[in-house]
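Take a look at the structure below.
Chain letters run A, B, ... following the sequence lines, proteins first, then strands; residues in each count from 1.
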2 protein chains.
Amino acid sequence: MQEPTFLILTALAAGPQHGYGVITDVERISDGQVRLRAGTLYAAFDRLQGEGLIAEDREEIVDGRVRRYYRLTGDGAARLAAEAERMRRHAKAATARLRVIGSGGTA
Amino acid sequence: MQEPTFLILTALAAGPQHGYGVITDVERISDGQVRLRAGTLYAAFDRLQGEGLIAEDREEIVDGRVRRYYRLTGDGAARLAAEAERMRRHAKAATARLRVIGSGGTA
DNA sequence: TCAATATATATCGATCATCTACTTATGGAA
DNA sequence: TTCCATAAGTAGATGATCGATATATATTGA
């Protein structure tokens, strides 16, 4: 799973959100480092819905504009948890090996 | 940066390794979850060398077969450290939000 | 009243990393 | 002598993401 997809699921883990809300939320989660593109987001929505990881929650009309809310499914939450654990382990492995270099392994 | 690329850099963070060594190392790091394909590896080697994140270290002839060793450059180590930190934060954010769901937020 | 900006959804074409599959080669084991 | 593990490499296909663009509305300001 790629970073944008992971962050979309993470955004929805906080509760149902609409597309534009996910974009701004992802930007916040990543400290402004990841700015989701509309193309990425809506393609991902379709794909993740097809995989059963997210589902349409409801539609609202606010100021004459449609807001389509998506929510994380049980499968989506499980998948996100698995990916988070996988990333945690990989990050830990990399950091441990980099520490060895830093502490004079190469010198 | 995608997972295979991250794991290739992580493998090289333990010291210079040749292609096949990286494949087996990555499999070990990821607990057997990630099996690097030759196509992925050698394409990544070319790309990462072009980006200056890795460099050719030396060539050895073992049992009549060439072993081409690659090593992590300073830039590569810095990049890997940055990616690891980014992943750590994202994993943490996801886990924190999933905990809220788990503790009865949706119920 | 007209232009610009923020919100909001959506599509299209291009790019690029990865995957599948294949090729070549050696040494050792069955 | 056939098969497997090791070892490097290429070609073509797939698919996620990106950049650009289109649409529509409300608000702000010239």
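Residues B:A84 and A:A94 share a closest heavy-atom pair of CB-CB, 4.2 Å.
Following rounding to the nearest Å, A:L48 (CG) and D:dG15 (P) show an atom-to-atom distance of 15 Å. The interatomic distance linking B:R37 (CZ) with D:dT6 (P) rounds to 16 Å, in whole Å. When rounded to the nearest whole Å, the span between CD of B:E3 and C1' of D:dG15 equals 16 Å. Rounded to an integer number of Å, the gap from CG of B:D63 to C1' of C:dA29 is 15 Å. The distance from atom CD of B:E59 to atom C1' of D:dA7 is 12 Å, rounded to the nearest whole Å. Between B:E27 atom CD and D:dA7 atom P the separation is 14 Å, expressed in whole Å. Put simply, CE on A:M1 is 12 Å from C1' on D:dA16, counting in whole angstrom units.
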request  = Carefully, step by step, assess A:Q33 and B:H90 under the rule side chain to side chain contact (heavy atoms under 4.5 Å, CB included).
outcome  = CA-CA 11 Å; A:Q33 282 181 48; B:H90 290 175; 6.0 Å; no
request  = List the steps, then state whether side chain to side chain contact (heavy atoms under 4.5 Å, CB included) holds for B:T24 with B:R28.
outcome  = CA-CA 6 Å; B:T24 54; B:R28 197 157 43 79; over 6 Å; no
task = Show the numbers, then the answer: is there a side chain to side chain contact (heavy atoms under 4.5 Å, CB included) between A:R86 and A:M1?
result = CA-CA 11 Å; A:R86 184 196 190 93; A:M1 182 182 294; over 6 Å; no
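Counting only distance, with no hydrogens or angles, the side chain of B:T73 and the backbone of B:G52 share a donor-acceptor pair below 3.5 Å.
Here the rule is side chain to side chain contact (heavy atoms under 4.5 Å, CB included) with A:V22, and of A:T10, A:L36, A:L9 only A:L36 fits it.
End-to-end axis angle of the helix from C:dT1-D:dA30 to C:dA30-D:dT1, using five pairs per end and rounding to 10°, comes to 10°.
A 4.5 Å side-chain heavy-atom check between A:E56 and A:Y70 finds at least one atom pair inside the cut-off.
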Using distance only, find each side-chain donor-acceptor pair of residues 13-21 of chain B under 3.5 Å and give its atom names and separation, not counting sequence neighbours.
| from | atom 1 | to | atom 2 | distance (Å) |
| --- | --- | --- | --- | --- |
| B:Q17 | NE2 | B:A11 | O | 2.8 |
| B:Q17 | NE2 | B:D25 | OD2 | 2.9 |

request  = Mark up nucleotides 6-17 of chain C, 5' to 3', with B wherever a protein heavy atom is under 4.0 angstrom from a base atom, S wherever such an atom reaches only the sugar-phosphate, and - elsewhere.
outcome  = BBBBBB-----S
